[in-house]
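All residue numbers refer to positions in the sequence shown, counting from 1. Remember, it's 1-based here, ligands and their atoms both numbered in the order they're listed.
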Amino acid sequence: MEWRPIHAWLAAAAAVLAPADAGAFALFPEYGVGSPATVLEEAARWSSTTGLLDGIQVGLGAGVVDALLVPGDTPEAVEGAIVAGILAWESPALAFDITLDAPGTVEGADSGFEIDVFAVTSDHPVFLANPSAYTGLAVPSVSYFADRPLTNGDPSSGYGITGADIYLNIDSFEFLAILGAGRLDVLTRVVIHEFGHAIGLGHPNQSTNYDTDTDPTNAMPIDPNDPFAGVMVSANFDPETIMSNEPCGPNPGLPCAAVFYTSLGPDEIGGRDVLYPVVPEPATGALFGLGLTALGGARRRARARP
Ligand SMILES: [Ca+2]
Ligand SMILES: [Ca+2]
Ligand SMILES: [Ca+2]
Ligand SMILES: [Zn+2]
């Protein structure tokens, strides 16, 4: 059996505005200079300024599920694998509002839904321009905002993500049919990885890696009222983290368990909660969270009318 190198399967990313592809966690795009707290505060993320209050509207283009089907799959299973990868990121501060069979997806990070999902073949321009992105690619659009509040309500200036396109490579998922049922776990993992980029996270194996200590496998205690406190640069990242694009370490030859991870690890949770702190107090924070959750629950399964 011939395997492609794992690092070639799993996603790389490129940004329209990022000069380079960006554990513990890393940031994407990598902007900002200065102390970790300064860089983390300015780091690109969604905010109330860029449409986060009503959740992030995601359009799963009509035809995406059918394009990714291989013999033995059901459309429901493929759709479920993609949706699971998106919803894996949800928290009281971060909700997605998914439209299935969406007719309004448009290529261009600031056109269509806030995040559009496409399934295209290897000869699509985005994959031709990024040959290392074998399974998927995220293309966010980022601008600087003088008024871009954090999800804990603190006023803040910094980069805001205003839209993103996510491309899944039809050819790679046909190739991955050799994995049988595990292929859908890989699909979920790739969707988690690409949506991680679309909310501002990078590859900890390639970019500056942040942690609250030097152990990349433990939970990161984040104070939502002071989410950058105690976060430092660490040389140690978890090679199996979903946001790594080399999930099996330096010499992958065969699929490792990490390829099939379908839920967030400590790195991903820590990165999400630094960028999108969840205030536990019952005042405005909880109301904000409940509003997002209620909206997500009500609308996330909406299926577009043709
Ligand atoms: Ca929105
Ligand atoms: Ca778009
Ligand atoms: Ca740690
Ligand atoms: Zn990537």
Side-chain angles (χ1 to χ4, degrees), residues 6-16 18 20-23 25-30 45-61 64 85-86 90 93-99 102-120 124 126-127 130-142 151 160-169 172 186 189-207 237 241-247 258-259 267-268 271 276 288 291-292 295-296 298-300 302:
I6 304 291
H7 72 266
W9 294 7
L10 291 169
V16 172
D21 186 8
F25 66 94
L27 301 171
F28 178 74
E30 275 198 295
R45 76 199 69 191
W46 294 84
S47 77
S48 56
T49 302
T50 63
L52 185 57
L53 279 180
D54 63 348
I56 299 174
Q57 278 67 41
V58 178
L60 191 61
V64 170
I86 300 169
E90 284 202 323
L94 186 64
F96 296 94
D97 167 18
I98 303 170
T99 299
T105 59
V106 183
E107 291 194 43
D110 281 321
S111 303
F113 289 78
E114 287 175 337
I115 298 179
D116 290 326
V117 180
F118 302 100
V120 301
H124 187 284
V126 296
F127 284 116
N130 298 277
S132 67
Y134 182 62
T135 52
L137 191 79
V139 185
S141 181
V142 177
T151 53
I161 302 172
T162 55
D165 285 339
I166 289 180
Y167 296 90
L168 302 172
N169 187 339
S172 73
V186 178
R189 180 191 165 118
V190 170
V191 171
I192 294 174
H193 182 103
E194 299 307 339
F195 270 78
H197 288 318
I199 63 168
L201 297 175
H203 298 148
N205 56 312
Q206 293 180 325
S207 303
F237 63 90
T241 178
I242 288 177
M243 290 314 298
S244 168
N245 61 354
E246 294 182 24
V259 172
D267 284 9
E268 290 84 27
Y276 304 92
F288 174 63
L292 281 178
L295 176 81
R299 294 188 58 198
R300 71 167 55 118

For this session: Could you please compute the angle at the Ca ion (ligand 2) from O of S111 to OD1 of D165, rounded to 10°?
Result: 170°

Problem set entry | Non-hydrogen side-chain atoms of M243 and D267 separated by less than 4.5 Å | no

For this session: Verify the distance test for D97 against the Ca ion (ligand 1): any N/O/S atom under 3.0 Å, yes or no.
Result: no

For this session: State, to the nearest 10 degrees, the angle whose vertex is the Ca ion (ligand 2) and whose arms point to OD2 of D116 and O of V106.
Result: 80°

Exercise. Q57 and D97: which non-hydrogen atoms are nearest, and at how many Å?
Worked result: NE2-OD2, 2.8 Å

Problem set entry | Atom of P204, atom of S244 and distance for their closest heavy-atom approach | CD-N, 3.9 Å

Exercise. Vertex the Ca ion (ligand 1): angle to O of G55 and OE1 of E114, to 10°?
Worked result: 90°

For this session: Check whether any N, O or S atom of L52 sits under 3.0 Å from the Ca ion (ligand 1).
Result: no

For this session: Would you name the N/O/S atom of D54 that lies closest to the Ca ion (ligand 1)?
Result: OD1

Exercise. Which heavy atom in I161 sits nearest to a heavy atom in P140, and how many Å separate them?
Worked result: CG2-CB, 4.2 Å

Exercise. In terms of ring plane angle, is the pair F127 and Y167 parallel, tilted or perpendicular, where the classes change at 30° and 60°?
Worked result: perpendicular

Exercise. Parallel, tilted or perpendicular for F96 and F195, by the 30°/60° rule?
Worked result: perpendicular

For this session: Tell me, please, if G59 has any N/O/S atom, main chain or side chain, under 3.0 Å from the Ca ion (ligand 2)?
Result: no

Exercise. The Ca ion (ligand 1) to L53: any N/O/S contact under 3.0 Å?
Worked result: no

Exercise. So, is Q57 placed with an N/O/S atom under 3.0 Å from the Ca ion (ligand 1), counting both backbone and side chain?
Worked result: yes

For this session: Sort out for me which residue in T105, L60, V126 forms a side-chain contact (heavy atoms from CB on, under 4.5 Å) with F118.
Result: T105

Problem set entry | Name of the H193 atom (N/O/S only) found closest to the Zn ion (ligand 4) | NE2

